[in-house]
> 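What follows is a single structure, and I will ask about it in a moment.
Chain letters run A, B, ... following the sequence lines, proteins first and then strands; every chain starts at 1.
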Amino acid sequence: MEEQQLANLNQAQRDAVLKSEGPLLVLAGAGTGKTKVLTSRIIHIINSYLASPLQILAVTFTNKAAAEMKKRIGEVIGDQVNNLWIGTFHSIAARITRRHAEIVGLKNDFTIIDQDDQLRLLKQIIADFNIDTKQFPAKNYLNKISRMKDLGTVQSLQNQGREDDSGLPKLKDIFALYQNRLKSMNAADFGDLLAYNLEIFAKAPEVLEQYQNKFHYVLVDEYQDTNNVQYQWLLKLAAKYQNICAVGDDDQSIYSWRGANIANILRFEKDFANASVIRLEQNYRSTANILKAADSVILNNKERHGKTLWTEAGEGEQVKLLSFVDDRSEAATITETIANYARQRKYKLSEAAILVRAGYQTRAFEEAFIRASLPYKIIGGLKFYERMEVKDAICYLRVAANFGDDLALSRIINVPKRGVGDTTINNLYQKGKSENMSLFLAIKDAIAKNELKGKAKDALKSLLEQIEKWRAALDNSSLPDAAKLILMESGYIQMWQSENTLESQGRIENIDEFVGSLAEFSNITEFLEYVSLVEAKEDKSVQDAVSVMTVHAAKGLEFSLVFIPGLEDGVFPSSRSMDERNGLEEERRLLYVAITRARKELVMCYAQTRFVFGDYQSSMPSRFLKELPEGVKLVESANSFSSGYSYGAASRGSSGYGSAAQTSFAARPQTLPDSSDPFFGKRVFHQKFGYGKVVEVEGSRLGISFEKSGRKTVMKDFVALVA
DNA sequence: TATTGTGTTATTTTT
DNA sequence: TAACACAATA
């Protein structure tokens, strides 16, 4: 059994599995079998009796990754898998916090609030502060507070006499109030879960010791994405046995804006004495050409351990680079290419993916796919439990389950409309605050003391009565039955029914699905824990469809055929990143992630002009394209006039503008501004911008002062000289 | 209180 | 463009 496990591994993988003692960093490149190593390692530890499952801690970032590992391990060791401490950072931290909640001033049934609730709460708090919310939106406070929790800089804010560097007025006070309110609601946000663990460990060393003694082996997935608090947490838990195995890829660190600190993986050997480092460099996913492209891009980064992926697979198809006049022809041609491949049975639709830098780019593809009637799915966006109607429904349940849940109550108090306006709600909220009672009790009190008038009074009175009745329903009937009753009696379903649009019908369907899904839970608490920490199951509605998603969302996935559109300065790399510190390195890693998703074919594209936020923007090809290896050819200068959308025009265009066809874009030497160029100073015509005069020439790029649209930079191939 | 109009502003989002 | 917040109004 043991030998069979090891026989499936290459030398480096085997080394990583067998080196069970002491700190180990496994630098696992894309597609090198990192999950295999993690699972084999755990199986090896158990089967060699180095430790029992209860003594192993394995943390991931996503439920998906945790579930995958659990499944693979379970296939070998059976039910024992359930004794492992395996899960996301947040779920394990929640588990520990619940056990010792009293140490941090919570009850063990505290609720975990999501971003929506966080924002709602912050808005309430900020409202009392006379802050210009235009200049300083609550969102900014939320971001800052989350980041502080990730980075563990909360203490420094509290201890400092002066305000912090964020420029957000009263941040310190608002933060303090925010924490107070959470505490009094017996609630914690995501950042708190980890932070409370550290607080527990600090306040109760015997508790820390208990866990340190318990966990003989600690394993971490995606180590490059850990934030400072997670890092401290791991350091503490692994302190006694020092058997920490961190698996990750510094080249795939793409979440710094969420607090991930790439330094954690870069300085691993300094943090842990006698640490070993093993590199997994044999790639089982992509062709040699794709790996070459990935490597030659990432080589330009300085902040990295350095590794080179290789494969036993052949060269494969050449990586392609396409250029377009605009984003619509880009989308049209990509769509057509995928459709052709599918028709030829070369790739199934589900084997193709379009990876974009930013969400707004998906729209052009959505339109193109609808036009071509090709099945597609946009991955990302709202998750099931985040949809408005589902959240509303959940909040009804939350209020019924817990009258003190102010956040949930304030969400549904006037949905459907009950004639309870902002002023009423605000007054009640103030009353609750000054008399130190929940919103629910404040309303009750106000009704008893006759402090409300007419419409609002009657509406709130009956709402309160209903809520109390619903609590009984929750106690006495099954979860789906209770939910059905609540959503009917509250008038919530009726509200959507009377709207009677396609959209509202969809919402009702979602509500039905939501109610049905409740059957899997035995009580409301169990369900609420599930929604707060576990993402909804995957959308299984469309099977064979092209995937369109952001590069971030594609991490960890693979596709035979990958398109990366929008490779222009300002899109990829994004304009914001270009002036952020270390921004470009992270963008480059992002591109590296995108490239390494491809198994067989990779097509990269850029467009001359792009319709962004209501008007046309012209842009230069991405600076990263210069970093591609020589073999990557601009194979086709594909043009079409967006007005026609015609595929015929696209192919005609490619012969008409063939001058770029044979040029190796990436290999072309950098040229300096050239005033001797034949274009310089000439009057030219551009399809989109009309007539203009060339005022600057840099290689194939022309700076043109257009008569109508002003100064733009465009590629030489897209303008024609006029007499 | 609810509706309508105006202005502002646009990355990435594992829990 | 389109989504959102907020102010002015019915």
Side-chain angles (χ1 to χ4, degrees), chain A residues 59-67 87-94 112-115 118-119 123 132-135 137-139 142-143 146-147 149-150 188-194 221-222 224-227 229-230 252-260 355-364 367 379-383 385-386 414 416-426 453-456 459 529-536 549-557 566 570-578 580 583 586-587 589-591 593-594 610-617:
Chain A
V59 270
T60 64
F61 278 87
T62 65
N63 290 296
K64 202 173 155 198
T88 62
F89 275 101
H90 291 89
S91 67
I92 290 182
I112 299 162
I113 67 163
D114 67 4
Q115 261 197 36
Q118 290 185 69
L119 200 59
K123 278 181 179 163
D132 177 12
T133 51
K134 245 192 195 111
Q135 206 183 344
K139 196 86 204 260
L142 175 56
N143 282 334
S146 306
R147 227 48 344 114
K149 288 185 179 182
D150 290 340
D189 65 23
F190 286 128
D192 285 336
L193 294 175
L194 269 294
D221 190 18
E222 307 277 20
Q224 77 283 351
D225 288 333
T226 49
N227 64 36
V229 169
Q230 288 159 339
Q252 294 189 66
S253 170
I254 55 174
Y255 282 105
S256 71
W257 46 274
R258 259 186 101 131
L355 309 183
V356 296
R357 173 67 251 263
Y360 67 79
Q361 291 172 263
T362 58
R363 174 167 302 164
E367 283 167 10
I379 313 247
L382 278 189
K383 278 177 253 147
Y385 290 119
E386 287 167 358
N414 200 31
K417 299 230 180 331
R418 298 186 170 91
V420 183
D422 288 345
T423 12
T424 311
I425 297 172
N426 249 321
K453 30 187 186 283
K455 203 170 167 193
E529 179 84 1
Y530 180 85
V531 273
S532 55
L533 286 177
V534 185
E535 63 199 26
M549 65 184 107
T550 64
V551 181
H552 283 94
K555 195 170 152 206
L557 305 177
V571 178
F572 203 162
S574 79
S575 47
R576 272 217 210 160
S577 72
M578 301 200 310
E580 258 169 29
E586 180 141 325
E587 292 290 306
R589 290 193 290 269
L590 200 49
L591 181 55
V593 168
R610 186 168 291 279
F611 193 65
V612 192
F613 306 141
D615 63 354
Y616 285 96
Q617 241 175 43

> I need the CD-C1' distance between A/Q118 and B/dT15, as an integer number of Å.
10 Å

> What is the distance from CD1 of A/I92 to C1' of B/dT14, rounded to the nearest Å?
15 Å

> Check whether any side-chain heavy atom of A/Y255 lies under 4.5 Å from a side-chain heavy atom of A/H552, and answer yes or no.
yes

> For the backbone of A/L533 and the side chain of A/N63, can you confirm whether one donor and one acceptor N or O come within less than 3.5 Å of each other?
yes

> Indicate, with a heavy-atom threshold strictly under 4.0 Å, whether A/G359 touches base, sugar-phosphate, or nothing.
sugar-phosphate

> Where the side chain of A/K383 is concerned, which of B/dT1, B/dT12, B/dT14 is the nearest nucleotide?
B/dT14

> Looking at A/N227, I'd like to know whether one of its side-chain N or O atoms comes within less than 4.0 Å of OP1 or OP2 on B/dT15.
no

> With side chains defined as the heavy atoms from C-beta onward, is the minimum distance between A/M578 and A/E587 less than 4.5 Å?
no

> Give me the distances for all protein-to-nucleotides 2-10 of chain C N/O pairs that come in under 3.5 Å?
from: C/dC6; atom 1: OP1; to: A/T133; atom 2: OG1; distance (Å): 2.9

> According to a strict under-4.0 Å criterion, is A/K555 in side-chain N/O contact with OP1 or OP2 of B/dT12?
no

> Quick one, A/S577 and A/E586 - any side-chain contact, counting heavy atoms below 4.5 Å?
no

> Determine: side-chain N/O of A/N63 to OP1/OP2 of B/dT14, distance under 4.0 Å, yes or no.
no

> A/G87 and A/A66: which non-hydrogen atoms are nearest, and at how many Å?
CA-CB, 4.0 Å

> When you measure from the side-chain N and O atoms of A/T550 to the phosphate of B/dT13, is any distance below 4.0 Å, counting only OP1 and OP2?
yes

> Remember a base hit wins even if backbone is also touched, and classify A/D221 as base, sugar-phosphate or nothing at under 4.0 Å, heavy atoms.
nothing

> Taking 4.0 Å as the cut-off, does a side-chain nitrogen or oxygen of A/T424 come that near to OP1 or OP2 on B/dT1?
yes

> Using both pair distances under 3.5 Å as the test, note the stems of at least 3 consecutive Watson-Crick or G-U pairs that include DNA chain B.
B:1-10 with C:1-10

> Classify A/F89 by what it touches in the nucleic acid, base, sugar-phosphate, or nothing, heavy-atom distance under 4.0 Å.
nothing

> With distance as the sole criterion, do the side chain of A/R357 and the base of B/dT12 form a donor-acceptor contact below 3.5 Å?
yes

> Can you say whether the rings of A/Y385 and A/Y530 are parallel (under 30°), tilted (30 to 60°) or perpendicular (over 60°)?
perpendicular

> Nearest whole angstrom, please: distance from the C1' of B/dT13 to the CG of A/D114.
13 Å

> OG1/A/T226 to CZ/A/F89 distance, rounded to the nearest 0.5 angstrom?
6.0 Å

> Applying a 4.0 Å non-hydrogen cut-off, can you work out what A/Q115 is touching in the nucleic acid: base, sugar-phosphate, or nothing?
base

> Taking atom P of B/dT15 as reference, at what distance in whole Å does atom NE2 of A/H552 sit?
14 Å

> CG of A/D615 versus P of B/dA10: gap in Å, rounded?
15 Å

> Just checking A/K417: base, sugar-phosphate only, or nothing, at a heavy-atom cut-off of under 4.0 Å?
sugar-phosphate

> Mapping A/A456 and A/R576 onto DNA chain B by nearest heavy atom, which one lands closer to the 5' end?
A/A456

> In whole Å, I'd like the distance from the CG atom of A/L355 to the P atom of B/dT13.
12 Å

> What is the separation between atom CZ on A/F613 and atom P on B/dT9, rounded to the nearest whole Å?
13 Å

> For A/E386, report the nucleic acid contact type (base, sugar-phosphate, nothing); a contact means any heavy atom under 4.0 Å.
nothing

> Go nucleotide by nucleotide along DNA chain B from the 5' end; which of A/A553 and A/N414 gets its closest nucleotide reached first?
A/N414

> Mind calculating the distance between CG (A/L193) and C1' (B/dT14) to the nearest angstrom?
14 Å

> Rounded to the nearest 0.5 Å, what separates atom CD1 in A/I92 from atom OG1 in A/T60?
7.5 Å

> Can A/W257 be said to stack with the base of B/dT12, given centres closer than 5.5 angstrom and planes under 30 degrees apart?
yes

> A/D225 has a side chain; which of B/dT15, B/dT11, B/dT14 sits nearest to it?
B/dT14

> Can you tell me how far CD of A/Q118 sits from CG of A/D192, rounded to the nearest 0.5 angstrom?
8.0 Å

> Show the nearest heavy-atom pair for residues A/L355 and A/A594, with the distance to one decimal.
CD1-O, 3.8 Å

> With the side chain counted from C-beta on, respond yes when A/E386 and A/Q115 share a heavy-atom pair under 4.5 Å apart, and no when they do not.
no

> Within the stacking criterion (centroid distance below 5.5 Å, interplanar angle below 30°), does A/Y360 stack on B/dA10?
no

